[in-house]
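First the proteins, then the strands, lettered A, B, ... as listed; each starts at 1.
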Amino acid sequence: MTQRYHPREIEKKWQERWASDHLYQVGEDSDLPKFYALTMLPYTSGDLHIGHWYAMAPSDVCARFKRMQGFNVLHPMGFDAFGLPAENAAISHGIHPHEWTMSNIENMRRQLKSMGAIYDWNRELISCQPEYYKWTQWFFLKFYHAGLAYRSRAPVNWCPKCQTVLANEQVVGGDLCERCGTEVTKKDLEQWFLQITRYAEELLDFSGLDWPEKIKTMQKNWIGKSEGAEISFGLEHAGLEQKEIRVFTTRPDTIFGVSFFLLAPENPLVPQLTTPEHQKEVAEYISWCKRQADYMRTSTDREKTGAFLGSYVINRLNGEKVPIWITDYVLPSYGTGAVMGVPAHDERDFDFARKFHLPIRPVITSPEHTGDEAIQAYSEPGVMINSGDFNGLSSERGYEAICDLLERKDWGKRTVTYRLRDWLISRQRYWGAPIPIVYCARCGTVPVPEENLPVLLPPNAEFRPTGESPLKYCPEFVNTTCPRCSGPAQRETDTLDTFMCSSWYYLRYSSTRADAGPFDTRKLKYWLPVDLYTGGAEHAVMHLFYSRFFIKALRDIDRNLIDFDEPFKRLFNQGIIAYHGGKMSKSKGNVISPDKYVSEMGADTVRAYLMFIGPWELGGGWSDRGIRGISRWLNRVWNLIENGYAHPVTKEEAKKELLHIIHRTIKKTSEDLENLRFNTMLACLMEFTNHLSKVQKERSVPTALWQEAITCLLLLLAPSAPHIAEELWSRTGHAYSIHNQPWPRFDARLAEEEQITLAIQINGKLRDKVLVSASISEAEAKGLVWERPRVKIYTEGKEILKTIYAPGRVVNIVVK
RNA sequence: GCCGGAGUGGCGGAAUGGUAGACGCGGCAGUCUCAAAAACUGUUGGGGAGUAAUCCCCGUGUCGGUUCGAAUCCGACCUUCGGCACCA
């Protein structure tokens, strides 16, 4: 009596059973080796779309595979629950962000459960809950006490739509808000920063990490390390105490080519260095600069602008007087905010010199470029000329010689500069962890004592988007007493960047309920670091970067807390699932909800289809037709097993073949899972299914072997389609649960082909094929081809030049 | 402008120096049916020769190169998707 495949029923049944049996609850007291597989924490946007499943389902398959392979697997799930959308929803719909977030979580949890993953829900974490954000604040205090958190007034990125400041990493495409795409502006504000720059050098070290090159390159570029020298230029300006200005350059070897000196328009020395006759022009230029949008400043193909201040610096190496100009292509925040202009050897300086008719003096030549009147800057290495005692040196040696001289005379030194800026962590919004700082008139800035954490968010704040934190208008929050002197004091009203919350959550999963610390150190030591971390590449210089910084900084603060250097050993970025017109997004209205497909075809089908679309790292297009193929396949698997097997007419050949295919399939499936190549793994299981259909029809193998084959098929299917595998496992009389079974092993000898098809080529063109034993020797293979009639036809009357044998592949006869 | 990924049938893709197109979608033909859908079976890169079994030619973005042999390696270019971009 066969029954049809009803995914909805069996999925519900097994999900309930797994939950009530705590099948996926995981502990630390196992003798098995651990494996920590983690998917990036989802934001509580409300609905999971198919893109979330694309991130999570294959990751679950991998975790399940590792579990069957005998690892104690931690594969947790939680929610990144603080952030702007909750607050914006609160403003537009009048719901409290907490309520909005929690109801979203409820829906997302339901959707996640329908996926049938091995998440241990006992370890769920929600970053907006006080028992979690208490520790986010605690980490802030650790950084503060270690001198890594500081407050400073600086021109910062401001998103007028989000009404808050943004970290540099959150400004994309030069000037757009990462979250809402609005053009950001600059604002001068007193803000909290974390000194990530202190770790610039160590963050460049990726040794021992199995990470995609792309992400490593993006982080390296973001850090932007430059080696060069800081050089002092003499200043002899009446009424100015300062006697030098320093520049940073990567080309000290070109110092004899300096023909002008550049300052950023913002440089505080500008007013004093401007002579009366240039005052008007300089003032006009500065006010013009202020009117320019920030992104214009960093646009490369724009005519150079600037103004002469009327005063000069001295190039100490040749005693020359060099005119000081200001220009907006010198950025105040990089290096020393001053540049030596070497037009012959720097493209930008060249353009500037052309525009303002400043001298262009070549000091480096190359064999191809023999000092002709330059039509472009020559920025390659070469031989030094016009450089006094240094003439004739290669620029590489000149670099060293000039640095030596600078250091000897104390005119400068070798130095390294980074593009990376400190991480701005203040946000002028409500829905985040309050920064645990109190301002006291008497004691100044006072950190909230650890035992007073968490600093709770007041539930009754008003979310007026005013550009200032809503907490500022909540007197019961702001007014407090100083922890030091007990006098009246005010709380810091900015909240922490939500990236602070997600920089340490993977530590918390080791012991989500810990309340004596952010985690239980013993458990942390057991689970961390993460063995496989998967998620989108969009976090390259944000979440992934901050998390690395967190671990390194915490390690240096207290080795008993963290005793490893990197949070994520292996990183994998899945691609993007597109649908009608590109990446799914709410604004495009092309978001696919998994719910509909889950109820029509089952979670197993949706999981497997997502894996089948293509290589995981490439993503691909969702197709309503394509998913039917997977649905049909699972139905075929179901029917294959439900139809039973009886009265075999055994054929030796068929027996041997099936045994070989079983082992070949185990081998291929295991390798593909290890390499996260889910699409080819499923293709291989489909081939296996097709072969089994044929065997079933022919009844060509003994019943015992048939049963071995389908048992194997179910085990191999279990990570990808856990529900149908469990159901068929039980229907074939096996003991619960398939998910506690060991992953099948293969016999390497059986997995190998016994017979191979050898291709025979004449001059590299395929002319014949022959079935031979896999163990054929080179001599045998080369000899055998001459008996083939087709070889005779093609070689008759021709001169045989040589015969090439590629073992197990091809014999190629070269004729003339 | 610079760096990186991708480009293969009608479509998603497989093959990373050795039989191009695995697996799936779609199409076509058939079985079942009064019929249709579903399901199942067969077939399916293009062109050509042959009654046929078969056989030949072309074919992995474009043009060159290396090699006995190239989707795969090298050089130049085109398209496309990411990232970076006046960082001295």
Side-chain angles (χ1 to χ4, degrees), chain A residues 4 172-174 212-215 217-218 220-222 224-226 228 247-251 254 262 296-302 304 327-331 333-342 345-349 351-352 379 417-421 537-538 540-541 573 575-576 578 582-583 609 612-615 617-630 632-633 635-636 639 677 679-690 693 697 756-769 790 793 801-815:
Chain A
R4 274 183 56 83
V172 295
E213 278 313 313
K214 184 182 160 176
I215 302 292
T217 306
M218 280 167 73
K220 281 181 194 162
N221 291 342
W222 189 256
K225 178 180 182 175
S226 293
V247 296
F248 172 74
T249 178
T250 54
R251 293 295 302 273
T254 63
L262 298 168
M296 283 295 290
R297 180 173 196 159
T298 50
S299 131
T300 42
D301 44 31
R302 175 168 150 253
K304 294 285 178 279
T327 177
D328 65 354
Y329 79 82
V330 173
L331 307 172
S333 56
Y334 182 78
T336 61
V339 168
M340 61 183 212
V342 185
H345 306 292
D346 181 281
E347 210 185 306
R348 298 150 298 176
D349 297 345
D351 294 343
F352 190 82
S379 50
T417 297
Y418 302 90
R419 208 189 69 125
L420 181 66
R421 303 268 68 94
E538 67 274 17
V541 293
N573 299 116
I576 287 164
K583 184 181 172 166
Y609 175 60
F612 191 64
I613 287 175
E617 68 272 24
L618 295 183
W622 175 272
S623 152
D624 286 333
R625 285 209 174 133
I627 192 173
R628 299 279 317 143
I630 297 293
R632 268 182 234 166
W633 170 54
N635 266 291
R636 281 209 308 278
N639 293 331
R677 283 156 48 161
N679 56 332
T680 49
M681 175 210 50
L682 289 176
C684 174
L685 289 182
M686 287 174 185
E687 279 181 86
F688 189 31
T689 311
N690 292 345
S693 295
K697 210 162 50 178
I756 50 164
T757 307
L758 200 60
I760 301 173
Q761 299 179 338
I762 314 290
N763 287 345
K765 273 190 191 292
L766 179 71
R767 295 302 181 193
D768 200 5
K769 294 178 194 180
R790 289 183 49 76
I793 294 167
L801 294 179
K802 58 174 153 177
T803 310
I804 290 140
Y805 175 60
R809 298 280 188 176
V810 72
V811 177
N812 188 14
I813 301 163
V814 186
V815 299

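The C1' atoms of B/G21 and B/U60 are separated by 9 Å, rounded to the nearest whole Å. To the nearest whole angstrom, the two C1' atoms, one in B/C68 and one in B/G30, are 46 Å apart. B/U41 and B/G50: their C1' atoms are spaced 29 Å apart (whole Å). If you take atom P in B/G7 and the same atom in B/U16, they sit 14 Å apart, rounded to whole Å. Here, B/G45 and B/C11 have their P atoms 14 Å apart, quoted to the whole Å. Distance noted for atom P between B/G59 and B/G69: 15 Å (whole Å). Annotation: B/C73 and B/G18 have their C1' atoms spaced 14 Å apart (nearest Å). For the C1' atoms, the distance linking B/C56 with B/G61 amounts to 27 Å, nearest Å.
With rounding to the nearest 0.5 angstrom, the NZ atom of A/Lys220 is 6.5 Å from the CD atom of A/Glu213.
Nearest-nucleotide positions on RNA chain B for A/Thr250 and A/Trp222 put A/Trp222 closer to the 5' end. With the nearest nucleotide of RNA chain B identified for both A/Asp349 and A/Arg632, A/Arg632 has the one nearer the 5' end.
Proximity note for A/Asn690 (side chain, C-beta onward) versus B/A14, B/C57, B/G24: the nearest is B/G24. Taking every side-chain heavy atom of A/Arg628 into account, B/A38 is the closest of B/C57, B/U19, B/A38. Proximity note for A/Arg625 (side chain, C-beta onward) versus B/G13, B/G26, B/C23: the nearest is B/G26. In this structure, the nucleotide among B/A39, B/G18, B/A14 sitting nearest to the side chain of A/Asn812 is B/G18. Here the nucleotide nearest the side chain of A/Gln761, chosen from B/G83, B/A14, B/U19, is B/U19. Across B/C23, B/C40, B/A14, the shortest atom-to-atom separation from the side chain of A/Ala683 is found for B/C23.
At distances below 3.5 Å, at least one donor-acceptor pair connects side-chain atoms of A/Tyr609 with backbone N or O atoms of A/Ser623. Between the side chain of A/Asp346 and the backbone N or O of A/Val342 there is no donor-acceptor pair closer than 3.5 Å. Remark: the backbone N or O of A/Ser333 is paired with a side-chain donor or acceptor of A/Arg421 at under 3.5 angstrom. No side-chain donor-acceptor contact under 3.5 Å links A/Arg767 to the backbone of A/Ile762. The main-chain N or O of A/Ala759 is never found under 3.5 Å from a side-chain atom of A/Asp768 such that the two would form a donor-acceptor pair.
In this structure, A/Trp633 atom CH2 and B/A38 atom C1' are separated by 21 Å, rounded to whole Å. Distance A/Leu685 CG to B/G24 P: 12 Å, rounded to the nearest Å. Counting to the nearest Å, the C1' atom of B/C57 and the NZ atom of A/Lys765 are 8 Å from each other. In this structure, A/Met681 atom CE and B/C23 atom P are separated by 16 Å, rounded to whole Å. Between the CG atom of A/Asp624 and the C1' atom of B/G24 there is a distance of 15 Å, rounded to whole Å. Nucleotide B/A6 holds its P atom 16 Å from the CD1 atom of A/Ile576, rounded to whole Å. In this structure, A/Asn679 atom CG and B/C25 atom P are separated by 15 Å, rounded to whole Å. Whole-Å rounding puts the A/Asn635 CG to B/C40 P distance at 8 Å.
Taking 4.5 Å as the limit, some side-chain heavy atom of A/Ile215 sits within range of a side-chain heavy atom of A/Asn573. Within the 4.5 Å cutoff, the side chain of A/Ile630 has heavy atoms near those of the A/Met686 side chain. Put simply, the side chain of A/Tyr329 reaches to within 4.5 Å of the side chain of A/Asp349, judged on heavy atoms.
Within 4.0 Å (heavy atoms only), A/Glu687 reaches sugar-phosphate atoms of the nucleic acid but no base atom. In this structure, A/Lys769 reaches the bases: a heavy-atom distance under 4.0 Å links it to at least one base atom across the strands shown. Heavy atoms of A/Ser333 sit nowhere under 4.0 angstrom from any nucleic acid atom. No contact: A/Val541 has no heavy atom under 4.0 Å from any strand. Among the heavy atoms of the strands, none lies under 4.0 Å from A/Ser623. Among the atoms of the strands shown, only primed sugar atoms or phosphate atoms (P, OP1, OP2) are found under 4.0 Å from some heavy atom of A/Val814. Residue contacts shown for A/Arg636 are limited to sugar-phosphate atoms, with no base heavy atom under 4.0 Å away. Contacts of A/Ile613 with the nucleic acid, taken as non-hydrogen atoms under 4.0 Å apart, involve only primed sugar atoms and P, OP1 or OP2.
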Under 3.5 Å, N/O pairs linking protein and nucleotides 1-3 of chain B:
none

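Within 6.0 Å of CD in A/Glu538 there are more than 12 heavy atoms belonging to other residues, nucleotides or ligands.
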Evaluate the salt bridge (Lys or Arg N to Asp or Glu O under 4.0 Å) criterion for residues A/Arg302 and A/Asp328: first the C-alpha distance (whole Å), next the side-chain angles of each, then the deciding distance (0.1 Å), finally the verdict. CA-CA 11 Å; A/Arg302 175 168 150 253; A/Asp328 65 354; 2.7 Å; yes

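Its glycosidic angle being within 90° of 0, B/G9 falls on the syn side.
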Annotated structure of RNA chain B as dot-bracket, pair cut-off 3.5 Å, Watson-Crick or G-U only, | for inter-strand, is (((((((..(((.....[....)))((((((.......))))))(((((....)))))..(((((..]....))))))))))))....

